[in-house]
Amino acid sequence: MNLVVMKFGGTSVEDATAIARTAAIVSGRVASGKNPVVVVSAMAKVTDQLLRAAAAASQGDRSGALAISSRLRCRHRDAASALLKERQSCALLAALIDEKFDALDEVLRGLAAIRELTPRISDLVVSYGERLSSRILTAAFCERGIGAEHVDAREVIVTDSEFQKAAPLDNVIEKRAPEKLLPLVAQGKVPVMAGFIASNEAGLTTTLGRGGSDYTGALVGGALNAETIEIWTDVDGIMTADPRVCPDALRVKVISFEEAAELAYFGAKVLHPATILPAVKKNIPVQVLNSHNRASEGTRIIPVAPHCKSPFKSIAVKKKLSIIDIVASRMLMTHGYMSRMFAIFDKHKCPVDMVSTSEVSVSLTVDSNASLPEIAADLSKLADVKYEGKKALICMVGEDIRGQSGIAAQVFAAVRHVNVRMISQGASEINMSFMIEEDDADEAVRSLHAAFFHDPDPAVFDVEARKAAVSS
Ligand code: ADP
Ligand code: ASP
Ligand code: MG
């Protein structure tokens with residue numbers, strides 16, 4: 001079997017036109033002898049709107065919540081009727097969409113009565129986004145001659161019960177994915193399943209965290225030992241910076257697993273941070289591709305990338321961070337102090353991104369989150385604590401940064417106008433990061449990009465696209 005997992009993001013299924021384009025991409029793969037398994041996100045922005053509806057309902061705004069749901073119902077019905085010309089299948093899909101929205105409205109009414117939104121109910125509400133898009137996609141594929149069959153993702157991806165950020169149970173998935181999907185593939189069918197959503201062992205709906213459809217794609221690809229995992233999105237691949245921030249960004253043609261994972265973890269939204277893990281385990285290449293520009297070759301993520309003459313491959317930014325300063329003149333270097341401090345972060349399930357220590361103080365960076373006051377209160381039993389939000393971490397990823405002399409001087413010269421709060425260099429061979437004010441982040445990325453990507457290595461970066469843009 002030439003199994004290819006094809007994951008399509010929200011913008012690849014945002015409306016009827018995008019879904020028709022996606023169907024053409026999948027048809028193309030089938031025509032070239034591949035066996036696709038399709039994983040799909042909710043239509044663009046639907047997850048945000050479902051979360052807004054859930055929040056409104058739980059604050060007692062029943063009519064506001066139902067109004068959001070009603071707009072979403074129209075959007076899904078419009079897409080379905082534009083896609084399906086065959087009357088009977090169109091009516092069937094419309095009825096299915098209505099059934100799902102009726103059920104969603106019941107949940108929203110219940111929330112408005114109870115006025116409490118638990119992570120478990122939040123996952124149930126957002127799951128409708130992918131449950132709907134995967135059904136519409138399946139019907140649209142069938143009408144276009146693809147033998148598509150819908151598979152409930154919650155029967156394939158099983159997780160723990162950490163609602164909103166559930167961890168997959170690899171052993172169960174390794175068994176379920178081949179059991180549920182391979183018989184369909186063997187019959188020449190194209191399984192279509194939702195990304196992002198899953199279930200715990202009790203059968204309750206969970207999710208893998210925002211952006212988690214990439215992770216579903218990789219989990220399925222890993223469990224099926226696919227030939228390739230394709231991530232179809234709205235940009236030409238992994239770029240040298242977020243093209244929304246830096247319009248000069250170039251496509252990176254090839255990058256290593258380790259570099260891509262580092263970029264994803266440090267904020268390059270193009271990939272969910274856990275996407276690379278299943279691929280690494282099974283040594284499966286990942287290809288990031290643009291469903292709006294099929295001519296682009298995308299980015300190939302492979303175990304070991306070829307040597308790159310440029311010092312960096314890409315710049316990522318992680319925003320909405322906080323810095324915590326812990327000052328303890330008496331105890332800092334005493335035995336067991338650090339472990340007591342980290343035990344507090346552990347207790348609050350709060351991952352720490354960066355740490356820097358001095359004789360009397362420790363500074364740490366964490367995602368800004370609602371537990372920060374409680375974390376600070378616990379830490380203040382050990383030492384004096386201050387925390388400050390609205391920080392951003394800039395992360396420069398490249399090959400053997402540690403081995404390149406003078407690189408730090410060049411980086412800080414490029415951002416000399418910016419106040420740098422914390423630096424981490426040397427902890428990783430491929431990553432150099434520093435923390436600045438969030439408001440300075442976009443400008444800093446553009447300055448760094450201008451400094452480091454003016455003469456990019458053509459073996460690794462798509463310099464032809466830049467030349468074409470300049471001459472047009
Ligand atoms: P999807 O809905 O397909 O999953 P996302 O919005 O999650 O798409 O991710 C794609 C977006 O990631 C792009 O539109 C781009 O703005 C952003 N992005 C951030 N950093 C990068 C980068 N280094 N390369 C490419 N895209 C990036
Ligand atoms: N729909 C989900 C989100 O918006 C998952 C995804 O798109 O990957 O976060
Ligand atoms: Mg995404």
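Counting starts at 1 for both ligands and their atoms, following the listed order. Values below: all heavy atoms of this structure, side chains included; hydrogens, waters and symmetry mates excluded.
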Considering only heavy atoms from C-beta outward, does the side chain of Thr216 approach that of Val156 to under 4.5 Å?
no
Please find out if less than 6.0 Å separates the ring center of Tyr128 from that of Phe101.
no
Side chain or backbone, does Gly209 bring an N or O within less than 3.5 Å of an N or O on ligand 2?
no
Ligand 2 to Thr47, heavy atom cutoff 4.0 Å, flagged ligand atoms 1 (N), 2 (C), 3 (C), 4 (O)
For atom 6 (C) of ligand 2, what is the closest protein heavy atom, and at what distance to 0.1 Å?
Ser213 OG, 3.4 Å
Close approach, Gly211 and ligand 2, non-hydrogen under 4.0 angstrom:
yes
Nitrogen or oxygen atoms of Glu130 and ligand 2 under 3.5 Å apart
yes
Find all atoms of ligand 2 within a distance of less than 4.0 Å from any non-hydrogen atom belonging to Phe196, and give their numbers and elements.
2 (C), 5 (C)
Checking salt bridge (Lys or Arg N to Asp or Glu O under 4.0 Å) between Asp170 and each of Lys281, Lys175, Arg176, which is the one that passes?
Lys281
Quick one: nearest non-hydrogen protein atom to atom 4 (O) of ligand 2, plus distance?
Arg210 NH2, 2.9 Å
Considering heavy atoms of the protein only, find what lies nearest to atom 7 (O) of ligand 2 and give residue, atom and distance to 0.1 Å.
Ser41 OG, 3.2 Å
Carboxylate-amine/guanidinium proximity below 4.0 Å for Arg446 and Glu443
yes
Between ligand 1 and the protein, give all atom pairs where both partners are nitrogen or oxygen and the distance is under 3.5 Å, as lines of names plus distance to 0.1 Å.
{"residue": "ligand 1", "atom": "2 (O)", "partner": "Gly10", "partner atom": "N", "Å": "3.2"}
{"residue": "ligand 1", "atom": "3 (O)", "partner": "Thr233", "partner atom": "OG1", "Å": "2.7"}
{"residue": "ligand 1", "atom": "4 (O)", "partner": "Lys7", "partner atom": "NZ", "Å": "3.1"}
{"residue": "ligand 1", "atom": "6 (O)", "partner": "Lys269", "partner atom": "NZ", "Å": "2.9"}
{"residue": "ligand 1", "atom": "8 (O)", "partner": "Thr233", "partner atom": "OG1", "Å": "3.2"}
{"residue": "ligand 1", "atom": "12 (O)", "partner": "Val270", "partner atom": "N", "Å": "3.4"}
{"residue": "ligand 1", "atom": "14 (O)", "partner": "Asp234", "partner atom": "OD1", "Å": "2.9"}
{"residue": "ligand 1", "atom": "14 (O)", "partner": "Asp234", "partner atom": "OD2", "Å": "3.4"}
{"residue": "ligand 1", "atom": "14 (O)", "partner": "Arg244", "partner atom": "NH2", "Å": "2.8"}
{"residue": "ligand 1", "atom": "16 (O)", "partner": "Asp242", "partner atom": "OD1", "Å": "2.7"}
{"residue": "ligand 1", "atom": "16 (O)", "partner": "Arg244", "partner atom": "NE", "Å": "2.9"}
{"residue": "ligand 1", "atom": "23 (N)", "partner": "Met239", "partner atom": "O", "Å": "3.1"}
{"residue": "ligand 1", "atom": "24 (N)", "partner": "Met239", "partner atom": "N", "Å": "2.9"}

Within 45 degrees of the axis of the six-membered ring of Phe461 and under 6.0 Å from its centre: does Lys313 put its NZ or CZ there?
no
Is there a donor in the side chain of Ser122 and an acceptor in the side chain of Gln164, or the other way round, less than 3.5 Å apart?
yes
Are any of the heavy atoms in Gly212 under 4.0 Å away from ligand 2?
yes
